[in-house]
There are 2 protein chains.
Amino acid sequence: MAKKENQNIADSTEQKIFDAAHEVFVQKGMDGAKMQEIADRAGINKALLHYYYRSKDKLYEAVARAVIGRAAPMISQLIESDKPLEEKIRHFIEIYISIISKNPFIPLFIISEINKHPDHFFEKILPAELPKPQIFIRQVEEEIAAGRIRPVNPKHLVINIVSMCVFPFIAKPMARFALGLNSAELKIFLEERKVQVTEFVLASLRP
Amino acid sequence: MAKKENQNIADSTEQKIFDAAHEVFVQKGMDGAKMQEIADRAGINKALLHYYYRSKDKLYEAVARAVIGRAAPMISQLIESDKPLEEKIRHFIEIYISIISKNPFIPLFIISEINKHPDHFFEKILPAELPKPQIFIRQVEEEIAAGRIRPVNPKHLVINIVSMCVFPFIAKPMARFALGLNSAELKIFLEERKVQVTEFVLASLRP
DNA sequence: GTCTATAAAGGGATAGAC
DNA sequence: GTCTATCCCTTTATAGAC
């Protein structure tokens with residue numbers, strides 16, 4: 001397991017193609033991505049793309065599946081733990097915004113592609129185990145019954161939290177424009193949201 | 001101003017083309033849209049598209065500019081009125097969700113296209129007068145100073161409200177899947193959000 | 001103004017040499 | 001495995017008849 005073997009895995013042509021395809025597909029979507037651009041970015045030519053992945057469809061499928069396959073378990077883990085509700089909410093918002101900060105194109109990629117090619121996505125790409133918020137919802141109901149939080153519809157609460165975490169990242173350019181922020185200020189603003197969203201949610205839940 | 005003249009405006013070939021292009025571009029984006037499909041949907045042939053609009057780019061630009069030009073003033077009007085804060089928030093959420101319900105593809109269209117072609121959008125499409133939330137922000141600060149609402153960062157409040165209104169619509173398929181709703185149930189759920197989001201926000205603002 | 005036919009460009013895929 | 005050259009289908013755009 002010397003350098004040679006590691007290199008075969010990490011810097012292999014197949015991996016370079018996959019990484020390049022990942023970048024391009026995630027930023028431009030299936031329709032906007034061009035095989036030529038992927039080849040250029042990988043530093044090889046179009047023919048090699050077809051050598052490793054038979055077609056554009058296959059390459060796209062590999063990328064899309066990897067994106068979903070990476071995102072889904074992280075979210076499941078967050079939601080399905082057995083921590084107390086407040087801690088879970090704090091933790092969820094913190095981690096969720098951190099992940100998106102590091103992968104800012106992923107949410108829009110998933111949403112756009114599901115909207116444009118829903119059948120393809122739900123049949124071929126989505127793994128069986130997309131995170132389900134049932135446990136979280138039951139937990140909210142228990143807290144309400146015990147009078148520890150204000151009565152709210154738990155499904156709407158879930159959507160509210162996810163909306164506030166995700167939307168600002170996919171609407172970044174508009175947010176910059178509307179709030180009059182430069183690039184650095186926007187970065188700070190998005191980081192602040194960890195605290196701001198958490199406080200906003202917990203304040204709304206107080207009985 | 002008999003039928004003939006009205007028809008020249010509303011049912012003119014140019015208008016039919018524009019309407020068809022609007023549908024297709026908004027649903028599929030610049031890259032996904034095909035001139036053939038637009039021609040078919042307008043009930044004419046491809047050559048006529050080029051007769052009225054010189055190129056696909058030009059046609060897209062016309063559509064995009066119209067979409068933005070229609071959306072921006074509605075939002076400005078909502079934000080810049082001089083109603084009391086609580087009433088403004090209630091009104092904003094109500095109207096905003098209603099508009100999006102009727103035009104479910106518009107938000108994702110705007111967001112996707114800005115992300116894919118940011119230069120193009122900010123140079124050519126965006127009108128000078130995109131809604132600015134300054135008035136709303138000042139209003140929030142006054143309410144905080146008077147002790148009538150809990151201290152919150154007003155910029156984050158704006159983003160929170162918009163996020164909760166818009167995001168569920170652009171993430172519809174995922175919401176359906178995650179919450180286990182069928183098409184009819186989702187429609188009810190989204191309608192419920194007018195009340196749910198309003199309550200959620202106002203509860204969070206109580207001192 | 002509207003059509004048919006066709007040119008021209010773009011982009012995915014393959015053949016075959018090395 | 002990797003490259004060059006090329007094929008061929010799709011899609012945009014134009015020419016020219018009516």
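All of these numbers come straight from a predicted model, not from anything done at the bench. Note: hydrogens, waters and symmetry copies are ignored here, and every other heavy atom, side chains too, is used. Every chain is numbered from 1 and lettered A, B, ... according to where its sequence line falls, protein lines coming before strand lines.
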message: Under 4.0 Å, heavy atoms only, any strand: does B:L49 hit a base, just the sugar-phosphate, or nothing?
response: nothing

task: Indicate, with yes or no, if the rings of B:F92 and B:Y96 have centres closer together than 6.0 Å.
output: yes

task: Before accepting this row, confirm whether a basic side-chain N of the pair B:R41/B:E37 lies closer than 4.0 Å to the acidic partner's carboxylate O.
output: yes

query: Just to confirm, is there a sub-4.0 Å distance from OP1 or OP2 of C:dT14 to any side-chain nitrogen or oxygen of A:Y51?
result: no

task: For D:dA13, take OP1 and OP2 only and decide whether either is under 4.0 Å from a side-chain N or O of B:H50.
output: yes

Whole-Å distance separating the CE atom of B:M35 from the C1' atom of D:dT14: 12 Å

message: Looking only at side-chain N and O atoms, does A:N160 offer a donor or acceptor that is under 3.5 Å from a partner on B:R193?
response: yes

Under 4.0 angstrom between A:N45 side-chain N/O and D:dC3 OP1 or OP2: yes

query: Quick one: which of C:dT14, D:dT14, C:dG12 gets closest to the side chain of B:R54?
result: D:dT14

query: With a 3.5 Å cut-off and just heavy-atom distances, do the side chain of A:K46 and the base of C:dG12 make a donor-acceptor pair?
result: yes

task: Would you give the length of the straight line joining atom CD1 of B:I17 to atom CD1 of B:I44, rounded to the nearest 0.5 angstrom?
output: 4.0 Å

- prompt: Regarding A:Y60 and A:E113, is there a side-chain donor-to-acceptor distance under 3.5 Å anywhere?
  reply: yes

task: Just call it for B:A39: base, sugar-phosphate, or nothing, with non-hydrogen atoms closer than 4.0 Å on any strand.
output: nothing

message: With a 4.0 Å cutoff (strictly under), does any side-chain N or O of B:Y53 reach OP1 or OP2 of D:dA13?
response: no

Residue B:L48, side-chain heavy atoms: nucleotide from C:dA15, C:dT2, C:dA13 that is nearest: C:dT2

message: Tell me the interatomic distance from B:D57, atom CG, to C:dG10, atom C1', rounded to whole angstroms.
response: 14 Å

task: Round to the nearest Å and state the distance from A:I38 atom CD1 to C:dA13 atom P.
output: 11 Å

task: Send over the distance from A:E37 CD to C:dG12 C1', rounded to a whole Å.
output: 15 Å

Protein-nucleotide distance (A:Q36, atom CD; D:dT4, atom C1'), rounded to Å: 13 Å

task: With the side chain of A:K34 defined as its heavy atoms from C-beta on, choose the nearest nucleotide among C:dC3, D:dT12, C:dG12.
output: C:dG12

- request: Using whole Å, report how far NZ of B:K56 lies from P of D:dT10.
  value: 16 Å

- prompt: Rounded to whole angstroms, how far apart are CG on B:L59 and C1' on D:dA13?
  reply: 13 Å

query: Expressed in angstrom and rounded to an integer, what is the separation of B:D31 atom CG from D:dT10 atom P?
result: 19 Å

query: Is any side-chain N or O of A:T13 closer than 4.0 Å to OP1 or OP2 of D:dT2?
result: yes

Closest nucleotide among D:dT4, C:dC3, D:dA13 to the B:A47 side chain: C:dC3

